[in-house]
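See below for the structure under consideration.
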Amino acid sequence: MNTYENVSLPFRVLGREEEDYRHEVSNSWNVGLGDVCGAAAVLSGGEKQRAAIARASLRGRSFCSPMSRP
């Protein structure tokens, strides 16, 4: 599963068509994912965290994002 598929998983589980959520998923990339599209096995720990934040933000979840670097 690549990063896009991972972030869009909640929409796919709910049975929504990709054309309905593609824009929302692409907007979620503002958490610093940039052009990250690799499989989870090749992502760094930080990239995995950002993918999880992007997925959570799509579901309207509130979360606290502690900064590991200034």
Side-chain angles (χ1 to χ4, degrees):
M1 178 180 303
N2 66 31
T3 307
Y4 175 84
E5 293 167 339
N6 185 326
V7 172
S8 65
L9 183 63
F11 293 116
R12 293 185 297 138
V13 168
L14 293 173
R16 289 183 55 190
E17 295 293 325
E18 184 175 4
E19 59 200 34
D20 295 337
Y21 62 77
R22 184 179 304 152
H23 183 69
E24 293 176 65
V25 172
S26 65
N27 284 341
S28 73
W29 251 234
N30 65 1
V31 296
L33 285 172
D35 294 328
V36 175
C37 288
V42 297
L43 298 179
S44 71
E47 289 169 336
K48 290 175 185 177
Q49 288 175 342
R50 289 190 292 275
I53 290 169
R55 188 175 52 236
S57 71
L58 286 174
R59 300 194 59 211
R61 305 290 177 140
S62 297
F63 53 89
C64 177
S65 178
M67 301 297 288
S68 62
R69 297 186 186 118

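Contact between Glu24 and Phe11 at its shortest, heavy atoms only, is OE1-CZ, 3.6 Å. Heavy atoms only, all atoms of each residue included: Val7 and Ala51 are closest at CG2-O, 3.7 Å. Of all the heavy atoms in Arg12 and Met1, the pair that sits closest is NH2-CE, 4.1 Å.
The distance from the CD atom of Glu17 to the CZ atom of Arg22 is 10.5 Å, given to the nearest 0.5 Å.
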